[in-house]
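Worth knowing before you read on, the calculation uses all heavy atoms, side chains too, and leaves out hydrogens, waters and symmetry mates.
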Amino acid sequence: HMYMWEINMGPAGQGNNPLWISYNAGIGREEIAPTRQFLFFYGEPNATIMTFDPESDTVHITFIDARTEEVLFDRTFSYTDLP
């Protein structure tokens, strides 16, 4: 569906994401996690907060670095947003 976004959260168990290891080994980001499909790409330990608002029909996604607590990504998505 052209109005769908894919949200991947992890890495599970706070281990390194295998794709992040490939990226650090020199494989290009667009080959691993194309920007058109994944707006945010990060492989270090992090926390993900998803907030669903049924009244506005949106979901707010925040990724936070587990070590520094820096907000790495913060965006509200609507079903009308095109990927």
### Query
Which salt bridge (charged side-chain N to carboxylate O under 4.0 Å, His left out) pairs, counting each pair once, include a residue from residues 49-67, with sequence neighbours left out?
E44-R67
### Message
Once side chain to side chain donor-acceptor pair (under 3.5 Å) is applied, do any residues pair with T58, and if so which ones, sequence neighbours excluded?
### Response
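Side chain to side chain donor-acceptor pair (under 3.5 Å) list for T58, sorted by chain: S56.
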### Query
Is there a path of hydrophobic side-chain contacts, each under 4.5 Å between heavy atoms of I, L, V, M, F, W or Y residues, that connects V71 with L39?
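V71 and L39: separate clusters.
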### Query
According to a 4.5 Å side-chain heavy-atom criterion applied to Ile, Leu, Val, Met, Phe, Trp and Tyr, with indirect links allowed, do F38 and F63 form part of one hydrophobic cluster?
no
### Message
Distance check, rounded to the nearest 0.5 Å: M50 atom CE versus H60 atom NE2?
### Response
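Spacing of CE (M50) from NE2 (H60) equals 11.0 Å.
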### Message
With rounding to the nearest 0.5 angstrom, report the CZ to CD1 distance, F52 to I61.
### Response
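Going from the CZ atom of F52 to the CD1 atom of I61 covers 6.0 Å.
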### Task
Please name all residues satisfying side chain to side chain contact (heavy atoms under 4.5 Å, CB included) with I49, sequence neighbours left out, ordered by chain then number.
T51, T62, I64
### Message
Below 30° counts as parallel, above 60° as perpendicular, anything between as tilted: where do the rings of Y23 and F41 land?
### Response
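Answer is perpendicular, since the angle exceeds 60°.
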